[in-house]
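Structure, as structure tokens:
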Number of protein chains: 2
Amino acid sequence: MLDDRKKKILASVVEDYITSAEPVGSKTIADKYNLEYSSATIRNEMKILEESGYLEQPHVSSGRIPSSKGYRYYVDNLMKSKKLSMLDINYINNSITGYGDTEDLFEQVADTVSKLLNRPTILTMKNEDVLESIKILKISDKILLVILMSENGTIKDVIAKLTDTIPDDSVRDLSKLLNTNLQGTPIEKLYNVLSTIISKELKVYSSVLEKICEGIRYEISGENKLVSSNNLKSILDLPEFADIEKAKNFLNMLSTKNAVDTVIEEISSKNLGIVIGSENQEIMLKDYSIISLNLTNDEGYIGKISVVSPKRIDYSKTVSTLNYINEKVKNIFSKDK
Amino acid sequence: MLDDRKKKILASVVEDYITSAEPVGSKTIADKYNLEYSSATIRNEMKILEESGYLEQPHVSSGRIPSSKGYRYYVDNLMKSKKLSMLDINYINNSITGYGDTEDLFEQVADTVSKLLNRPTILTMKNEDVLESIKILKISDKILLVILMSENGTIKDVIAKLTDTIPDDSVRDLSKLLNTNLQGTPIEKLYNVLSTIISKELKVYSSVLEKICEGIRYEISGENKLVSSNNLKSILDLPEFADIEKAKNFLNMLSTKNAVDTVIEEISSKNLGIVIGSENQEIMLKDYSIISLNLTNDEGYIGKISVVSPKRIDYSKTVSTLNYINEKVKNIFSKDK
DNA sequence: TATTAGCAGTCGATTAATTAGAGTGCTAAA
DNA sequence: TTTAGCACTCTAATTAATCGACTGCTAATA
């Protein structure tokens, strides 16, 4: 669609703008990137690129910045994949240790990505996760620790503070009962299923079970989402946030649940999903991009990492980082086998 | 020290400034607060208050704002205690449920305070907490869940992924061994104690123990501190952060570990500690105040809530809120008995 | 003697006017 | 088809002018 020269110019504009955050002029392109054309030629081409929607001009006597369409073309056709620096690789290897359960791992991943890319990162866990088994541990006469293990490898524990003491064999009894009744239940439905069971069948232990149920509701808040934004101060250092209103707008958008979530859900089908600026349905997101990668292990999809950023971000580095992390996660899972 | 009229004027200036965030002029005081003096008289008094360091003037033709000394005098001598609104009381009662272990409770407290006062809140747990007992649960052939219970009532679990399978009686053995060796160990020394024990004595299980040890290090990061800043967007709405540099400075200060921590540690002796602006040793904190209250239960000190804010904050409401929360926490602990 | 009315003076904040400079679009020549 | 060159545009930075809130001081008043 675009001829060779236009491609080169568009790529240069995008790459320059990604690092400088300033509108890019024809002279800059001619000087800094050794294209063989004069600034006048580039000027003409840029005008055409603008007319066809790849570039835009903040005002008539300024340089150009990429439009959402421009970034899109760049990402789809022009972007070269980047190797991660040794520094970054080391950082990843040191900070994603694989300690703990799946949720711990996800937390490490979110923190690492957020730190490396200096952007808020959202981690969504596969939400078809299902209960594998329950263990109950009597901590004291009146306190039970209920441990939920999911197929995914997540371990949650729920504390139930009882009103009466409970004998040891009741605990064993209860444990069997819960396992037979709840095995295979989707984690996020646990509360509902258990509470209907209580009201219908398990009258014997209803007082204890209610405490457990309450605990489950508290512990499993329904949203299997994890947001990490390491070092907010340095995120606000991005030039797009020089205006505090922009910064507040960004923070606001992040804390508006639905905004980002719907986008992330919609791109779930593809492995790598990049949604740029105005491509977002949600108007709140029109200046931001979301770059999202499915995490997989041997058994398939386990969750998703999503980076949220102003449109201006090093897409190539972001993708490389996410891919590397996915490999890392795969390794950890297969090592645990 | 200050005569009655000066006290009234100082109180009015502080209270007006707390709500308006604008330097307060003599006319404002004369009109809004029905003191019986003319603006000229107030002007004269304000000048004296300034000369003795209670007020300061951003520039010569502006109103006055309280200095750190002024706030201090207000807090110590002039401030009237405020009743919490029913709205606030309800909010507290609904959001501090007492579910879970002590750490969950602290988290609820931090979130609630942060939300009510719209300020970042730091919760420090008593760090003389000591291990009460350990339980080990075999989750699968190669995964152990090690549960640490402290005297304080905190429950932590550590996952140990083993390299080899472990028989059931070894688990029991191990459990006894750990209990006899570690009971009474301060939580934050657990890692060190365990690792020296491994190297010296418990050679038999050393491979398993190392995994556990690793887990403990990860889980108990040494800092028993919890920071909550609900809804950052609305904190940035404070007029002191109209300038983004100020906002970044604040965020930076918060993430600089030592800055706030040393202050909080130093005020540990008293029950209620208020450190205002320049009273802080640390220069980073010169524009901020820290209001900190010791939480107690029947057995005494269990931790501390600290609110971090620009100097301008409703000290009275803050203190009332913290006191109410302390009562609430006491109730929860005594109910659990 | 203590208080107050009144007024000149200060200084930040706002608005308007000026200038500088980066970058464009277009024309005409190569 | 490309490019040199120039007139033109518009932002950003600078300077100047004005406004207004508030003070400090003086002199009159209670």
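Hydrogens, waters and symmetry mates are skipped; everything else that's a heavy atom, side chains included, is used. Note on naming: letters A, B, ... go to the chains in the order of the sequence lines (proteins, then strands), and numbering restarts at 1 for each one.
In this structure, Glu45(B) places its CD atom 17 Å from C1' of dC22(D), rounding to the nearest Å. Rounded to whole Å, atom P of dC22(D) lies 13 Å from atom CD1 of Ile42(B). Going from atom CG of Leu35(A) over to atom P of dT3(D) covers 11 Å, rounded to whole Å. Lys32(A) has its NZ atom 11 Å from the P atom of dG23(C), to the nearest Å. Spacing between atom CD of Glu56(B) and atom P of dT23(D) amounts to 15 Å, rounded to whole angstrom units. One interatomic measurement links the two molecules: CG of Asp16(B) to P of dA21(D), which rounds to 16 Å at whole-angstrom precision. Rounded to a whole Å, the CD atom of Gln57(B) is 11 Å from the P atom of dC22(D). dC26(C) atom P lies 11 Å from atom CD1 of Ile48(A), rounded to whole Å.
Of all the heavy atoms in Ala247(A) and Leu236(A), the pair that sits closest is CB-CD2, 3.8 Å.
Between Glu245(A) and Lys248(A) a salt bridge is recorded (basic side-chain N to carboxylate O distance below 4.0 Å). Ion pair Lys7(B)/Asp4(B) not flagged as a salt bridge, since none of the NZ, NE, NH1 or NH2 atoms sits closer than 4.0 Å to an Asp/Glu carboxylate oxygen.
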query = Under the salt bridge (charged side-chain N to carboxylate O under 4.0 Å, His left out) criterion, do Glu45(B) and Arg5(B) qualify, and how do the steps go?
reply = CA-CA 8 Å; Glu45(B) 293 286 49; Arg5(B) 191 164 67 188; 2.7 Å; yes
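Tyr37(A) pairs by the side-chain hydrogen bond (donor to acceptor under 3.5 Å, both in side chains) definition with nothing, not counting sequence neighbours.
In this model, the phosphate group of dT24(C) is approached by a side-chain N or O of Arg64(A) to a distance below 4.0 Å at OP1 or OP2.
In this structure, a donor-acceptor pair under 3.5 Å is absent between the side chains of Ser309(A) and Ser289(A). Remark: the Tyr33(B) side chain and the Asp16(B) side chain contain an N/O donor-acceptor pair separated by less than 3.5 Å.
Using a 4.0 Å cut-off on heavy atoms, the residues of residues 18-30 of chain B that approach DNA chain D are Gly25(B), Ser26(B), listed by number.
Crowding of Glu51(A) atom CD: a count of heavy atoms from other residues, nucleotides or ligands under 6.0 Å exceeding 12.
Closest-nucleotide positions on DNA chain D for Lys47(B) and Gly63(B) were compared, and the one nearer the 5' end corresponds to Gly63(B).
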note = Reading nucleotides 2-20 of chain C from 5' to 3' and marking B where a protein heavy atom lies under 4.0 Å of the base, S where only the sugar-phosphate is that close, and - otherwise, the string is -SBBB---BBS--------
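Checking each of Lys311(A), Arg312(A), Arg119(A), Lys246(A) against Glu240(A) for a salt bridge (Lys or Arg N to Asp or Glu O under 4.0 Å) leaves exactly one that passes, namely Arg312(A).
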